[in-house]
Q: 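Here it is: the structure, laid out below.
Only this structure's heavy atoms are used, side chains among them; waters, hydrogens and symmetry mates stay out. Here is how names work: the chains are called A, B, and so on, in the same order as the sequence lines, proteins then strands, and each is numbered from 1.
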Amino acid sequence: MSAALERGFYDRATVEVARAMLGTHLVHAGSTGERVGRIVETEAYIGPQDQASHSRRGVTPRTRIMFGPPGHAYIYLIYGRYHCMNVVTEAAGHGAAVLIRALEPVSNLDGRTNGPGLLCLAMDLDRRLNGEDLTGERLFLRAPPLPGRISIARGPRIGVDYAGAWARRHLRFYLRGNPFVSKG
DNA sequence: TGCACGATGAAC
DNA sequence: TTCATCGTGCAC
């Protein structure tokens, strides 16, 4: 019994998932205890047509997980030193995911969590968990114990200037006014 | 003179 | 992506 959000949560339009993830808890149940952070910032990468998405060049060894079934972790190494954690969305073969950009610490998190690389460090997430099933017991999302009203703001995604018009689309979502949202 | 902030480059 | 460094410009 892990109380993980079920697969259906991920099996729908990526933008919808990106918004629904805000306020939920990301849980990594590792050997050192349960690390938990509240998701306060996400970015939607909606498919191969999205020029900012890794899936734009189709299935490769790296993007294989992205094209797999929804509700799995896509974790990759960026710039040789940081990891980024995404959740796969929509039906298998679609090639979409949501990047988790910032967390508000809830329990057992050391260090900063206001950026995709930093939060992976604090949550102890790396490529060993690439492909992990998020409906399992090791790594998953769960509903917060005290769901409250939230105000969602949106804007352009960070660090995707190469993607032309896609870089300007408002596919980044965050909790308005939350101090743990990344600076970019 | 010194601080804050933006631009820049390096890390693999 | 993140950090350290360097430069500009403003304030004191």
Q: Closest heavy-atom contact between A:Ala4 and A:Phe140?
A: CB-CB, 3.6 Å
Q: Check whether A:Leu125 and A:Leu141 end up in the same hydrophobic cluster, where Ile, Leu, Val, Met, Phe, Trp and Tyr are linked by side-chain heavy atoms less than 4.5 Å apart.
A: yes
Q: Under 6.0 Å from the ring centre and within 45 degrees of the ring axis: does the NZ or CZ of A:Arg12 meet both conditions for the six-membered ring of A:Phe9?
A: yes
Q: Please check if the distance between the ring centroids of A:Tyr45 and A:His54 is under 6.0 Å.
A: no
Q: Within the structure shown, what part of the strands sits under 4.0 Å from A:Leu118 by heavy-atom distance: base, sugar-phosphate, or nothing?
A: sugar-phosphate
Q: Whether A:Arg154 engages the ring of A:Tyr174 as a cation-pi pair (distance to the six-membered ring centre under 6.0 angstrom, angle to the ring normal within 45°) should be assessed.
A: no
Q: For A:Asp110, is there an ion pair with A:Arg35 - N to carboxylate O distance below 4.0 angstrom?
A: no
Q: For A:Glu104 and A:Asn178, run side-chain hydrogen bond (donor to acceptor under 3.5 Å, both in side chains): C-alpha distance rounded to whole Å, both residues' side-chain angles, the deciding distance at 0.1 Å, then the answer.
A: CA-CA 9 Å; A:Glu104 176 178 332; A:Asn178 188 287; 2.9 Å; yes
Q: Report all interatomic pairs (protein N or O, nucleotide N or O of nucleotides 8-11 of chain B) with separations under 3.5 Å.
A:
residue	atom	partner	partner atom	Å
B:dA11	N3	A:Arg81	NE	3.4

Q: Any chance the side chains of A:Ser107 and A:Glu34 put a donor and an acceptor closer than 3.5 Å?
A: no
Q: Just the endpoints, please: which first and last nucleotides of DNA chain C, 5' to 3', lie under 4.0 Å from a heavy atom of chain A?
A: C:dT1 to C:dC3
